[in-house]
Number of protein chains: 2
Amino acid sequence: MPRVVDPAQRRQDLAAAVLRVIRRDGLEHASVRNVAQEAGLSMGSLRHYFTSQSELMAFAFETVIERIQARLGDLTGERDPRRRAETILVELLPLDADRRAENEVWLAFTARAAVDPTLRALRDEGYDALRDGCRAIVAELSEAGLAPTDVPAETERLHALLDGLAVHAAMRPDLHTAESLAAAISRHLDALAVERSRGD
Amino acid sequence: MPRVVDPAQRRQDLAAAVLRVIRRDGLEHASVRNVAQEAGLSMGSLRHYFTSQSELMAFAFETVIERIQARLGDLTGERDPRRRAETILVELLPLDADRRAENEVWLAFTARAAVDPTLRALRDEGYDALRDGCRAIVAELSEAGLAPTDVPAETERLHALLDGLAVHAAMRPDLHTAESLAAAISRHLDALAVERSRGD
DNA sequence: AGGAACGTAGCACGGCCGTGCTATAAAACG
DNA sequence: CGTTTTATAGCACGGCCGTGCTACGTTCCT
């Protein structure tokens, strides 16, 4: 058979197939057979790229986490702390179809990570990255006088709010529009500024 | 064989067995066989109480949701709005082993509900109940001058914070102690009061 | 006392699963 | 051109799964 694409691309395609199956049928149906079929390959061929199912799943989860981390890194440009914070945070919310899809599979993997050590390590990595991002945002706001001085406490609150909104968006996409999600973040940032100017 | 317990109790026991299996091995291992073994029954006997696996799973999920709803209902006693709010909210957090266990299986079921219509209906019921509870709390605080006047927006924020904290507690039980979770809620309630007295 | 309903157990069928193995053809390389 | 590597396909084994069915003892009701 001809080499039609390079191996790395094939692995990406297979990861994408995994995500499609998970979204459509759930993580429990993301079997080697189903994923191979989704990608238009035979089982044997898939196993040429991933020697085990867990390797395939881990790779698929990694791609999701990497995409989330990449969004966090995109904080160039904007220099005003408030707008900068809002820009980054909104970027992380599931506002369009792509991010909604990622968010759904993130939730599925996160749940399974409770009993799968490999996935757990990846999930923790993503958790830490997001928390660090939240901390950086809060610290910057705090330094600019736009958030309370207790950075750890406000990091906890912002991080929980962000993931809570993501979970809610996955559970009830009808009730959580792009606008309402973004508005919730915006309101929280406003609130932080008010708290600082008043309480601390 | 003798009737040793009444059927309703047996169903409760089986639901409890489901939850234990889910916590230990994950939802994907909560098969009829494994649950029957966990409960010390034969498959055939289990099927006397639940004619299908989905019925068993739905029942188990219901028991979790009912427990959460029951906590929301326990709002008698305390009359001071602030303390009342804190009491109820803290009750909902996974602060002890029992609530942590519930929280973990809630997460597992919630993820599966994305592709299982029966579970989705139950999950939505729980979501609505929790949101209504949050709304009632925010409304009461707002009326007492202890929270901003925009009740829907603050309900969204409080609800997301609550579920976000629960998810984080499930993901990283080591990083989220009972104290830190309760402190996050307490801080948020303080913040609401500050916002009201300042911003609105 | 005797039949009906209940609770428990166990088996067997068909299905999906992950993975090890072999075969084959294209490509890469010497 | 021949050989080795790579990519693809397919099969078969053993395992777990849900569920339908039968059997058997116990309890209950009349």
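Note that the structure is a prediction, hence the values are computed from the model and not measured. Below, chain A is the first sequence line, B the second, and so on; all start at residue 1.
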Between [N] atom [atom2] and [X] atom [atom1], what is the distance in whole Å?
X	N	atom1	atom2	value
B:Leu41	C:dG10	CG	P	11 Å
A:Met43	D:dC13	CE	P	14 Å
B:Gln53	D:dC16	CD	P	16 Å
A:Glu55	C:dT19	CD	C1'	13 Å
A:Leu46	D:dA7	CG	P	14 Å
B:Glu28	C:dG18	CD	P	12 Å
B:Phe50	D:dT19	CZ	P	13 Å

Any ion pair linking B:Arg157 and B:Glu195 (charged N to carboxylate O, less than 4.0 Å)?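 The answer is yes: the pair qualifies as a salt bridge.
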Give me the ring orientation class for A:His176 and B:Tyr127: parallel if the planes are under 30° apart, tilted from 30 to 60°, perpendicular past 60°.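 If you compare the ring of A:His176 with that of B:Tyr127, the planes turn out perpendicular.
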Taking only side-chain nitrogens and oxygens of [X], does any of them come within less than 4.0 Å of OP1 or OP2 of [N]?
X	N	answer
B:Tyr49	C:dC6	no
A:His48	D:dA7	yes
B:Ser31	D:dC17	yes

So for B:Arg10 and C:dG7, does any side-chain atom that can act as donor or acceptor lie under 3.5 Å from a complementary atom in the base?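 Not at all, since no donor on one side and acceptor on the other fall under 3.5 Å apart.
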At less than 3.5 Å, do the side-chain atoms of A:Arg47 and the base atoms of C:dG20 form a donor-acceptor pair?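 By the distance-only test, yes, there is a pair.
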Does B:Thr51 reach a base, just sugar-phosphate, or nothing at all? Heavy atoms under 4.0 Å.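 No contact at all - B:Thr51 keeps every heavy atom at 4.0 Å or more from the nucleic acid.
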Nearest-nucleotide 5' precedence on DNA chain D, A:Arg33 against A:Ser45: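 The residue mapped nearer the 5' terminus is A:Ser45.
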Evaluation steps, side-chain contact (heavy atoms from CB on, under 4.5 Å), between A:Leu41 and A:Arg10: CA-CA 10 Å; A:Leu41 253 60; A:Arg10 263 279 198 253; 3.9 Å; yes
Out of D:dA9, C:dC17, C:dG18, whichever nucleotide has its closest atom nearest the side chain of A:Ser42: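 From the listed options, D:dA9 comes nearest.
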Among D:dC17, D:dG18, C:dT19, which nucleotide sits nearest the side chain of B:Asn34?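 Selected nucleotide: D:dC17.
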Side-chain donor-acceptor pair present, B:Asp13, B:Gln9, cut-off under 3.5 Å: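 Present: a donor and an acceptor within the cut-off.
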Given B:Glu140, which partner from the list B:Arg83, B:Arg135, B:Arg79, B:Arg84 fulfils the salt bridge (charged side-chain N to carboxylate O under 4.0 Å, His left out) test?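 Among B:Arg83, B:Arg135, B:Arg79, B:Arg84, the one that satisfies the salt bridge (charged side-chain N to carboxylate O under 4.0 Å, His left out) with B:Glu140 is B:Arg84.
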